[in-house]
**Student:** 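Got a structure here, written out as structure tokens. Questions coming.
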Amino acid sequence: MPQSPETEDDLPEQMRVRREKRQRILDAGEDPYPVTVERTHTIREIVESYDAEGLGPDHHTGVTAAIAGRVIFLRNTGKLCFVRLREGDGTEIQAMLSLAEVGEERLGEFKQLVDIGDHLQVTGEVITSRRGELSVMATSWRLAAKTVRPLPVEHKPLSDEARSRMRYVDLIVRPEARENVRVKAAVLKSLRATLDDRGYIEVETPVLQHTNGGAAARPFDTHVNAFDEDALLRIALELHLKRALVGGIDKVYEIGKTFRNEGVDNTHNPEFMMLEAYEAYGSYDTMAELTRDLVVNAARAVGKTVVPARDGGTIDLEAPWRRATIHELVAEATGADVTPTTTEEDLVALAERHDVALQDHWGAGEVLLELFEKLVEHTLIQPTFVCDYPESVRPLAKRHRSVPGLVEAWDLIINGVELSPAYSELNDPVIQRERLEEQARLAAAGDPEAMDVDEDFLRALEFGMPPAGGMGLGVDRLVMLLQGIGIREAILFPISRRE
RNA sequence: GGGCCUCUAGCUCAAUUGGCAGAGCAGCGGACUUUUAAUCCGCGGGUUGUGGGUUCGAGUCCCACGGGGCCUACCA
């Protein structure tokens, strides 16, 4: 835990010692935090250039290198010191400091002043040690940046709390933490590449909004001082990307943060990365193909096309994906006959038989959705497109081309978790207004997640939005799936309470 | 929101029935020119989350508050 002691005397012993070392360096006329240090090679360049086994032990390459990295291991023996340096990508190399090469004074200072955790620069010949390990035999050393706080023990895992609160420390001591960062970057790069290859245009749209819309969620409140107006943080990207569609950006996507002022648990963080893509003249069928490509390409990009499932099995993302209607899935799970014409009364009775609690104001659509979420969703381990929802639970989707009462929408479930929704997008401004006004009635009745009537969005639709397919994808959840980790590991700096 | 668990040295964890607060790593001093979580000798390091209470005596028991976790509920 960070501390702010009143005086130096209050510092924990190890911090006091390290501060004293910093001061001693200053007193000796050296800079413990130089602007820059000499660096002729990255550690990676050296490690990749030499094959220590091929060279054999005690080999001298005759090549002099200046390298820098964080001290992660230190062995101060009498006249020969060993120090393991690591650079940001995780590459490590050993440096050796001998009495013969650096002299008694500098060797003594090294032992006195350098700690595990410091950033250190050494210059010397690239050699192999007597044990055959690729090393730099230093002729000089210099601190690149002094570390005044002791690092945690490398061999014991940090507590979960310390991991997420002090990710900077987690990244130093845990390779998986570093890997998660790089995997997420690779996933983002792959998502963009898949979309860019198909001719999609990336845009950015406002985070600060006047109305709540695009999803069912509680927003964060904020305030715009310049207008003295209250505002909201967006819960989805949808309504602005559709405005872009109206304007003729026929294939459009955005990757960005969205914010939902709701629960925090192992699959929910209040701010999270969302991808949404819209394609003019597409439909939820073309979005299914796109989504599968996005997920499979991302999986290939990080070399994880077969991932562990939470039921102990595995998921082969390259295998065929199932497609089933929500009615079929609920029927399958309950053994009851469930179809789009099943009455609300029968659905309520079915919920009672399966101990699914309902809310009074729900209609048939909400009851069906609740049955699905409580009885089916967590059982869908292999990738499944859950299709064709009741109109009332998907207010932004277009009516089904052949089944009355349904809309063309699907949810992709993998490993029991919703990863991606998609619609054939509603573009009739009259019906859209009716649906949003119904949402506004729910909001007025106290539903904190209901959407507002976004008059500007409706005005845009009135100018004509082409028929379109649209999809969304939770980027953090894709990383969770590929890495088999929770959301607090998939997000570099997840939310936590003020300390 | 409800229930259960947890918070002790820089880190990870011990501490019997309420009876001197400990270990490993890390740190400090010493030895060691080939170490890999070195080894050996010696030494420091604590407001036991915070505030109350019970008690001759509290890390331990009670109350309140705070942080974290799990389950549950809610929330796509």
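Quantities reported herein were computed from a predicted structural model and do not represent experimental measurements. In what follows, chains are A, B, ... by sequence order, proteins preceding strands, each numbered from 1.
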**Student:** Suppose you measure atom C1' in B:U48 against the same atom in B:C13; what distance do you get, rounded to whole Å?
**Tutor:** 13 Å
**Student:** Is any side-chain heavy atom of A:Leu375 less than 4.5 Å from a side-chain heavy atom of A:Val330?
**Tutor:** no
**Student:** Roughly how many Å apart are B:G57 and B:G19, using the P atom of each and rounding to a whole number?
**Tutor:** 14 Å
**Student:** Got a salt bridge between A:Arg24 and A:Asp27, using NZ or NE/NH1/NH2 to carboxylate O under 4.0 Å?
**Tutor:**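 Result for this pair is no, no salt bridge flagged.
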**Student:** Determine the Euclidean distance between corresponding P atoms of B:U12 and B:C20; express it in Å to zero decimal places.
**Tutor:** 26 Å
**Student:** Would you please confirm or rule out a distance under 4.0 Å between OP1 or OP2 of B:U33 and any side-chain N or O of A:Arg130?
**Tutor:** no
**Student:** Is A:Glu133 side chain donor-acceptor paired with the B:U36 base, going by distance under 3.5 Å alone?
**Tutor:** yes
**Student:** Between the side chains of A:Arg441 and A:Glu438, is the shortest nitrogen-to-carboxylate-oxygen separation below 4.0 Å, so that they form an ion pair?
**Tutor:** yes
**Student:** Whole angstroms only, please: what is the CD-C1' distance between A:Glu161 and B:G66?
**Tutor:**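 Spelled out: CD on A:Glu161 to C1' on B:G66 is 11 Å.
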**Student:** Taking atom types as modelled, find out whether A:Thr205 and A:Arg234 have a side-chain donor-acceptor pair closer than 3.5 angstrom.
**Tutor:** yes
**Student:** Between the protein and nucleotides 41-46 of chain B, list the N/O to N/O atom pairs that are separated by less than 3.5 angstrom.
**Tutor:**
residue: B:G44; atom: N2; partner: A:Glu13; partner atom: OE1; Å: 2.1
residue: B:G44; atom: N2; partner: A:Glu13; partner atom: OE2; Å: 3.3

**Student:** Pick the P atom in B:G49 and in B:G10, then give their distance to the nearest Å.
**Tutor:** 13 Å
**Student:** Please work out whether the ring planes of A:Trp141 and A:Phe110 are parallel, tilted or perpendicular, with thresholds of 30° and 60°.
**Tutor:** perpendicular
**Student:** Distance check, C1' atoms only: B:G53 and B:C5, in whole angstrom units.
**Tutor:**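 Approximately 24 Å lies between the C1' atom of B:G53 and that of B:C5.
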**Student:** Select from A:Ala215 and A:Leu99 the residue whose nearest nucleotide in RNA chain B is closer to the 5' end of that strand.
**Tutor:**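 Residue closer to the 5' terminus by nearest nucleotide: A:Leu99.
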**Student:** How is A:Leu158 classified with respect to the nucleic acid when contacts are heavy atoms under 4.0 Å: base, sugar-phosphate, or nothing?
**Tutor:**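 The residue A:Leu158 makes sugar-phosphate contact but no base contact.
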**Student:** Going by atom types alone, do A:Thr211 and A:Gln209 pair a side-chain donor with an acceptor below 3.5 Å?
**Tutor:** no
**Student:** What is the nucleic acid contact for A:Arg394, judged by heavy atoms within less than 4.0 Å: base, sugar-phosphate only, or nothing?
**Tutor:**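 Answer is base: heavy atoms of A:Arg394 come under 4.0 Å of a base.
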**Student:** For A:Ser135, report the nucleic acid contact type (base, sugar-phosphate, nothing); a contact means any heavy atom under 4.0 Å.
**Tutor:**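 Answer is nothing: A:Ser135 stays at 4.0 Å or more from every strand.
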**Student:** Toward the 5' end of RNA chain B, which comes first, A:His268 or A:Arg497, by nearest nucleotide?
**Tutor:**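 By nearest-heavy-atom nucleotide position, the 5'-most residue is A:Arg497.
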**Student:** What does A:Lys21 touch in the nucleic acid at a heavy-atom separation under 4.0 angstrom: a base, only the sugar-phosphate, or nothing?
**Tutor:**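 The residue A:Lys21 makes sugar-phosphate contact but no base contact.
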**Student:** Provide the distance between the two C1' atoms, one in B:G27 and one in B:G68, to the nearest whole Å.
**Tutor:**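 Between the two C1' atoms, the distance is 28 Å.
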**Student:** Once you apply a heavy-atom cut-off of 4.0 Å, does A:Asn261 come out as touching a base, just sugar-phosphate, or nothing?
**Tutor:** nothing
**Student:** Base, sugar-phosphate alone, or nothing: which one does A:Met96 contact when heavy atoms must sit under 4.0 Å apart?
**Tutor:** base
**Student:** Using a cut-off of 4.0 Å on non-hydrogen atoms, how would the nucleic acid contact of A:Glu154 be classed: base, sugar-phosphate, or nothing?
**Tutor:** nothing
**Student:** At under 4.0 Å between heavy atoms, what does A:Pro157 touch on the DNA or RNA strands: base, sugar-phosphate, or nothing?
**Tutor:** sugar-phosphate
**Student:** Suppose we define a pair by two distances each less than 3.5 Å, Watson-Crick or G-U wobble; what does B:C61 pair with here?
**Tutor:** B:G53
**Student:** Check whether any side-chain N or O of A:Lys156 sits under 4.0 Å from OP1 or OP2 of B:U12, and answer yes or no.
**Tutor:**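 For A:Lys156, the contact criterion (side-chain N or O under 4.0 Å from OP1 or OP2 of B:U12) is not met.
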**Student:** Using a strict 4.0 Å threshold on nitrogen-to-oxygen distance, state whether A:Arg106 and A:Glu30 make a salt bridge.
**Tutor:**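 A salt bridge links A:Arg106 with A:Glu30.
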**Student:** On a whole-Å scale, what distance lies between the P atoms belonging to B:G1 and B:C65?
**Tutor:**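 Each nucleotide's P atom is 12 Å from the other's.
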**Student:** Expressed as a whole number of angstroms, how long is the span from A:Lys79:NZ to B:U33:P?
**Tutor:** 4 Å
**Student:** Is the side chain of A:Arg178 donor-acceptor paired with the backbone N or O of A:Ile172 at a distance under 3.5 Å, no angle test?
**Tutor:** yes
**Student:** So, is A:Ser159 near the phosphate of B:U12, with a side-chain N or O under 4.0 Å from OP1 or OP2?
**Tutor:**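 Checking A:Ser159 against B:U12: at least one side-chain N or O falls below 4.0 Å of OP1 or OP2.
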**Student:** In whole Å, measure the gap between the C1' atoms of B:G52 and B:U16 for me.
**Tutor:** 28 Å
**Student:** Does a side-chain N-to-carboxylate-O contact under 4.0 Å join A:Glu332 and A:Arg322?
**Tutor:** yes
